[in-house]
Amino acid sequence: MPELPEVEVTRRGIEPHLVGRRIAAVAVRETRLRRPVNDDLAARLQGQRIARLHRRGKYLLADLDRGQLLLHLGMSGHLRVVPQDTLVQRHDHVDLLLEDGNCLRFHDPRRFGLLLWGEDWTSDPLLQGLGPEPLGSEFDADYLFARSRRHQQPIKSFLMDAHVVVGVGNIYANESLFRAGIDPRRAAGRIALPRFRRLHQAIVEILQEAIIAGGTTLRDFTRPDGRKGYFRLSLAVYGREKEPCIRCGKALRAARIGGRSSFYCGQCQR
DNA sequence: ACACGATCCTGACTGC
DNA sequence: TGCAGTCAGGATCGTG
């Protein structure tokens with residue numbers, strides 16, 4: 001589910017409910033996530049005030065009086081802020097009960113997500129090797145061009161590598177390459193600088209548009225207030241195999257690239 | 001160093 | 001209707 005726009009929409013949605021508040025209690029119903037939840041999570045979090053909530057790639061980091069809470073939504077996770085007496089559903093794994101009667105509820109059917117307390121995650125291997133933020137100033141066409149030289153990997157797989165740039169997952173890689181007119185199978189190292197300018201611009205635009213639309217809901221994703229994300233309505237290629245290309249009308253194609261389903265126009269993307 | 005496939009897990013959907 | 005097979009928004013690990 002969640003790529004950068006969905007995580008950022010989540011961050012913006014929960015931030016006003018969390019920042020400045022104290023965690024009164026914690027309910028852990030399932031510890032088996034991508035890595036097990038701290039066995040002393042409740043003790044670590046109880047009574048702590050949340051000072052700040054930030055995002056690094058697809059990770060969310062909550063700064064506490066002591067330490068940090070690291071969250072990741074995996075493929076199927078979402079976070080919602082609900083009143084504490086809200087009925088618990090299957091796969092509602094963790095609740096952070098806040099002093100105001102609300103609760104932050106972590107839901108993740110496939111359990112590829114993370115919810116971990118630590119002293120400081122910024123120097124942890126999980127975050128250390130990450131590439132630049134796609135909406136930050138270090139990310140530009142020159143960076144992509146330099147970073148991609150001699151890479152034989154398909155440009156789509158290259159874009160989805162968090163060591164290259166964070167936050168661009170399968171949907172937005174497909175959409176960005178369509179907008180930039182680049183064949184997703186093309187070797188990253190064989191793309192010239194001017195085309196990387198178009199690609200960079202496409203990535204930035206699409207991520208920004210998706211954030212404004214509230215992200216993309218395919219099935220699992222919901223915003224913290226329970227609403228869906230509406231960028232799905234703006235998808236030009238993702239999930240549209242055999243439908244006409246919005247630019248040239250030719251039937252869109254599907255392919256498997258790096259083990260991930262990919263969609264493109266054989267006419268417009270070279 | 002790099003590129004690829006398998007893997008973790010549940011649920012939804014397809015086709016027989 | 002039931003059941004097996006396939007696929008899914010991510011990230012890591014082992015292999016060649």
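Numbers restart at 1 for each chain; the letters A, B, ... are given by sequence-line order, proteins then strands. If you're wondering where the values come from, they're calculated on a predicted model, not measured in any experiment.
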Check nucleotides 6-9 of chain B against the protein and report each pair of N or O atoms closer than 3.5 Å, with its distance, or say if there are none.
residue: B:dC9; atom: O3'; partner: A:R111; partner atom: NH2; Å: 2.7
residue: B:dC9; atom: O2; partner: A:R110; partner atom: NE; Å: 2.9

### Query
Should A:D225 and A:R80 count as an ion pair when the cut-off is N to O under 4.0 Å?
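No, this pair does not count.
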
### Query
Hey, are A:R12 and A:E15 close enough for a salt bridge, meaning a charged N less than 4.0 Å from a carboxylate O?
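No salt bridge links A:R12 with A:E15.
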
### Message
With nearest nucleotide decided by heavy atoms, which residue, A:Q152 or A:R90, maps closer to the 5′ end of DNA chain B?
### Response
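The residue mapped nearer the 5' terminus is A:Q152.
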
### Task
Let me know, please, whether A:R219 or A:Q153 comes out on the 5' side of the other along DNA chain B by nearest nucleotide.
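It is A:Q153, whose closest nucleotide lies nearer the 5' terminus.
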
#### Entry: Closest approach of A:I257 to A:P184 (non-hydrogen atoms, all atoms of both residues)
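In terms of heavy atoms, the two residues are closest at CD1-CB, 3.6 Å.
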
### Query
Any idea which heavy atoms bring A:L235 and A:R240 closest together, and the distance?
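In this case the closest contact between A:L235 and A:R240 is O-NE, 2.7 Å.
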
Taking only N and O in the side chain of [X], is any of them less than 4.0 Å away from OP1 or OP2 of [N]?
X      : N      : answer
A:R256 : B:dC4  : no
A:H91  : B:dT10 : no
A:R260 : C:dG10 : yes
A:H72  : C:dA11 : yes

Pair [X], [Y]: side-chain N/O donor-acceptor within cut-off below 3.5 Å:
X      : Y      : result
A:H107 : A:D92  : yes
A:Y264 : A:E241 : no
A:Q68  : A:D63  : yes
A:T222 : A:K228 : no

Can you tell me the distance, in whole Å, between the [atom1] atom of [X] and the [atom2] atom of [N]?
X      : N      : atom1 : atom2 : value
A:R150 : B:dC2  : CZ    : P     : 9 Å
A:I206 : C:dG9  : CD1   : P     : 16 Å
A:L116 : C:dA11 : CG    : P     : 15 Å
A:I155 : B:dA3  : CD1   : C1'   : 15 Å
A:L60  : C:dG10 : CG    : P     : 15 Å
A:F263 : C:dG9  : CZ    : P     : 8 Å
A:F158 : B:dA3  : CZ    : P     : 9 Å
A:K156 : C:dG10 : NZ    : C1'   : 12 Å

Applying a 4.0 Å non-hydrogen cut-off, can you work out what [X] is touching in the nucleic acid: base, sugar-phosphate, or nothing?
X      : value
A:S261 : sugar-phosphate
A:R34  : sugar-phosphate
A:Y238 : sugar-phosphate
A:P154 : sugar-phosphate

### Query
CZ of A:R149: more than 12 outside heavy atoms within 6.0 angstrom?
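Buried by this count: over 12 neighbours within 6.0 Å.
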
### Message
Does A:E119, at its CD atom, have more than 12 non-hydrogen atoms belonging to other residues, nucleotides or ligands within less than 6.0 Å?
### Response
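Yes.
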
### Proximity to DNA chain C (any heavy atom under 4.0 Å), residues of residues 224-237 of chain A only
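By residue number: none to list.
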
### Query
Would you write out the dot-bracket form of DNA chain C, 5' to 3', with Watson-Crick and G-U pairs under 3.5 Å, [ ] for crossing pairs, | for pairs to other strands and . for unpaired bases?
.|||||||.|||||||

### Task
Write down the distance separating the P atoms in B:dC9 and C:dC3, rounded off to the nearest Å.
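My reading of the P atoms in B:dC9 and C:dC3 gives 24 Å.
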
### Message
Rounding to an integer number of angstrom, what distance separates B:dA1 and C:dA11 when you compare their P atoms?
### Response
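Nearest-Å result for B:dA1 against C:dA11 at atom P: 23 Å.
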
### Task
Please determine if A:R247 forms a cation-pi arrangement with A:F178, meaning its NZ or CZ atom is less than 6.0 Å from the six-membered ring centre and no more than 45° off the ring axis.
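Judged by the rule, A:R247 and A:F178 form a cation-pi pair.
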
#### Entry: Charged tip of A:R55 within 45° of A:Y59 ring normal and under 6.0 Å
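A:R55 over A:Y59 ring: no.
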
### Message
Taking the ring centre of each residue, are A:F221 and A:H78 less than 6.0 Å apart?
### Response
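Ring-ring flag for A:F221/A:H78: false, centres at least 6.0 Å apart.
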
### Query
With respect to the side chain of A:H151, which nucleotide from C:dG9, B:dA3, C:dA11 is positioned closest?
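So the nucleotide nearest the side chain must be B:dA3.
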
